[in-house]
Amino acid sequence: ASHSMYADKDDLRTQFAAAMSAMYRAEVPLYGDLIEIVRNINTNVKDVTGSIKPHLNSGIHASIERLTQERHGAIRLGTPYELRTVKRIFEALGMHPIGYYDLSIAGLPMHATCFRPLTVSSLECNPFRIFTTLLRPELLSSEKTRQLALQLLERRSIFSEQLLRTLDQIDEQGSRLKEDQTEVFIHEALKTFQWQPVAAATFDEYQTLKAEHPILADIACFQSAHINHLTPRTLDIVAVQDAMKKAGMAAKEQIEGPPVRLCPILLRQTSFLALEEAVQFRRDENQSLDEIESRDALVKASHKARFGEIEQRGAAVTPKGRKLYDKLLYESKAKAKDTAGEEADALAAEAFKAYPDTWDELRQQNLIYCEFKVKEPTTTPSFDVQDGSVLEQLISKGIVEAVPITYEDFLPLSAAGIFQSNLQSSNSSSLATSYQPAEDLGGLEKAMGAEILDLNSWYMSVQQRSLEEVGVRLGLMLE
Ligand code: OOG
Ligand code: NI
């Protein structure tokens, strides 16, 4: 068989992401407005020559093509079966599990990973990523609620028969799609993540779970694993935040993540608040969804889960850089406990003065990851072996360029979670008091039936590969 009968995964992912964006735009029109704002600001960040205005020239390179289509979404799953099946969908799109996020430390009975492309070239084509959480029923304090949630999840099927058949075919083809399977696949896979206005639960069941934790009701009561947000990336989150407020959106007061810096690191995010959406619930559990002829048989109510988010990405930090980030953020949160708005921002900026803010310092102190590139291949490098790092000499001589690697992942607990739990002010009521929240990477891998790639190993390998290439081109051994 000729190779070209199979669809290219990067193309497929781009198509899928665009289709999901169109779907979400139809479901949540405010998302469409947000996309327009972000697009305008990203375009204006570049001046007429196409280069980024100096004050935003962050060293974090992203092509405008990548930026315009870049999104991340988030879904919340209930069972290992759902996770394993979703993994098969994403694998066909060239997205693989990387990173482990323990949300129990924020009082949520869930843990998560992210599905995204793993090669630098696929990320450049389309970095579409989905933050995927799985319920941890063992962390629920009430046996009654646990049983109810598990029953509801057992009963529902978020995958269409057609999708499951197509997934079997894809598996037989080595996780690849034939060109003529792509349309059906995208259509059927999208249904899994679509908003379903008729719940799978009765109104009573919904309220029982909601009383335990709103997120539990969101996970277990619906017929699909609806995406709860789809986030565009901006080069200037402060400008977008202002524009959101001007447009009358209920934007969050504070931008989460590190404060404004000359050299952005990790991730800054903000959002508009969750919308109240109409949902219909069955009156009792004997009323099967197929039997319902008249919508009057349903209880009309509403559900709040889906919101709009934007983000600005900075450099990926090393474990040492992350430790310093966590420490300073914790300090500034503790100090800013009773403040808000500009006052809180000022306290964060003050605390973060201890975080180096030039690319040279960040790199030399091993706080960030970089990709190294040969700038002047014709120069014969000469250096003093006695004089510190060969690599730093090559950089200062202008032979090698160090480009900070963009942080491609998440910080779900960057602000809210960690400190909420540390300061004991959260509603962690849904967690069993006898159960010490603890991460369970092995448990998530077992549920998914696959290994999760370690974040730091990934950034390290990107950096290392670039060094090897520089070494080969200059005929040097670098480490
Ligand atoms: C978790 C979403 C996490 C982010 O940007 O940190 C996330 C959830 O609410 O399901 O998307
Ligand atoms: Ni998000």
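All residue numbers in this chain count up from 1 along the given sequence. These values consider heavy atoms only, across backbone and side chains, with no hydrogens, waters or symmetry-generated copies. In this text, all values refer to a predicted model and were calculated from it rather than measured experimentally. Counting starts at 1 for both ligands and their atoms, in listed order.
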Looking only at heavy atoms, which two atoms of [X] and [Y] are closest? And how far apart?
X    : Y    : result
L12  : A7   : CD1-CB, 4.4 Å
A402 : R363 : CB-CD, 3.7 Å
Y24  : N228 : OH-O, 3.3 Å

> Should the ring pair Y206 and F222 be called parallel, tilted or perpendicular, given that the plane angle runs from 0 to 90° and is split at 30 and 60?
Replying inline: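 If you compare the ring of Y206 with that of F222, the planes turn out perpendicular.
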> Tell me, do Q241 and K245 make a side-chain contact under 4.5 Å, heavy atoms counted?
Replying inline: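 Yes, side chains in contact.
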> For ligand 1, what is the set of protein residues having any non-hydrogen atom at a distance below 4.0 Å?
Replying inline: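 Protein residues near ligand 1 are H72, A74, R76, F131, N228, H229, Q269, E309, F410, P412.
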>> Would you say the rings of Y101 and F131 are close, in the sense that their centroids are separated by under 6.0 Å?
In response: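 Aromatic pair counts; centres sit under 6.0 Å.
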>> Go through it in stages, so that I can follow the logic: the residues are Q280 and V299, the test is side-chain contact (heavy atoms from CB on, under 4.5 Å), and I'd like the CA-CA distance, side-chain angles, deciding distance and then a yes or no.
In response: CA-CA 5 Å; Q280 295 174 304; V299 181; over 6 Å; no
> Salt bridge or not for E212 and K144, using N-O below 4.0 Å?
Replying inline: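 No, this pair does not count.
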>> With a 4.0 Å cut-off on N to O distance, would you call E408 and R116 a salt bridge?
In response: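 Looking at R116 together with E408, the answer is no, because their closest N to O distance does not fall below 4.0 Å.
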> How many protein atoms of type N/O/S are positioned less than 2.8 Å from the Ni ion (ligand 2)?
Replying inline: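 Number of qualifying protein atoms: 3.
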